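For clarity, every value in this text was computed on a predicted model and none was experimentally measured.
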Amino acid sequence: MVSPKERKSHFLLAKNNLTVTYVRHCIKTKDFELLKKTLANKQNSVSSYMKTAIKTINKYINYVENTLKYDYNNGILEGINNKIKVIKRISFGYRSFYHFRN
């Protein structure tokens, strides 16, 4: 037999999964207005963890809008910087900058 506490947790998990599905759909289709509506509608019917996540998204909503609006990111630049740091870490100990650079 399922206890009332377990039943409530299953209900909240189902609600959270539904909310996550809606949010994923909005991000995949880059529909910012639908995302805002989804977050506003689901605020009261989810668990406290999901409420915290929604609150955080609402705090940075302008950045989320820019992310959905533009296709630019700094991934390539971060990859180049990472390669430079790895090379520097591996080549630590060269006495001559000439050999280090080569």
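With values rounded to the nearest 0.5 angstrom, Phe32 atom CZ is found 8.5 Å from Asn66 atom CG. The SG atom of Cys26 sits 9.0 Å away from atom CG of Leu68, with the distance rounded to the nearest 0.5 Å. In this structure, Arg89 CZ and Ile87 CD1 are separated by 10.5 Å, a value rounded to the nearest 0.5 Å. The structure places CG of Leu39 at 8.0 Å from CE of Met50, a figure rounded to the nearest 0.5 Å. Taking CG from Leu35 and NE2 from His25, the interatomic distance works out to 11.0 Å, rounded to the nearest 0.5 Å.
Within a 6.0 Å radius of OH in Tyr22, other residues, nucleotides and ligands contribute 12 heavy atoms or fewer. By the neighbour-count criterion of 12 heavy atoms within 6.0 Å, atom NZ of Lys55 is sparsely surrounded, having that number or fewer from other residues, nucleotides or ligands.
Applying the 4.5 Å side-chain rule to ILVMFWY residues, one finds Ile76, Ile80 in the same cluster as Ile84.
Between Asn58 and Lys36, the closest side-chain pair of non-hydrogen atoms is not below 4.5 Å.
Aromatic ring pairs are classed by plane angle as parallel below 30°, tilted from 30° to 60° and perpendicular above 60°; the pair Tyr70 and Tyr72 is parallel.
Asn82 contributes no side-chain N or O that, together with a main-chain N or O of Glu78, makes up a donor-acceptor pair within less than 3.5 Å.
No continuous path of ILVMFWY side-chain contacts below 4.5 Å connects Ile61 to Leu34, so the two sit in separate hydrophobic clusters.
For Lys30, the side-chain hydrogen bond (donor to acceptor under 3.5 Å, both in side chains) partners two or more places apart in sequence, or in a different chain, are Asp71.
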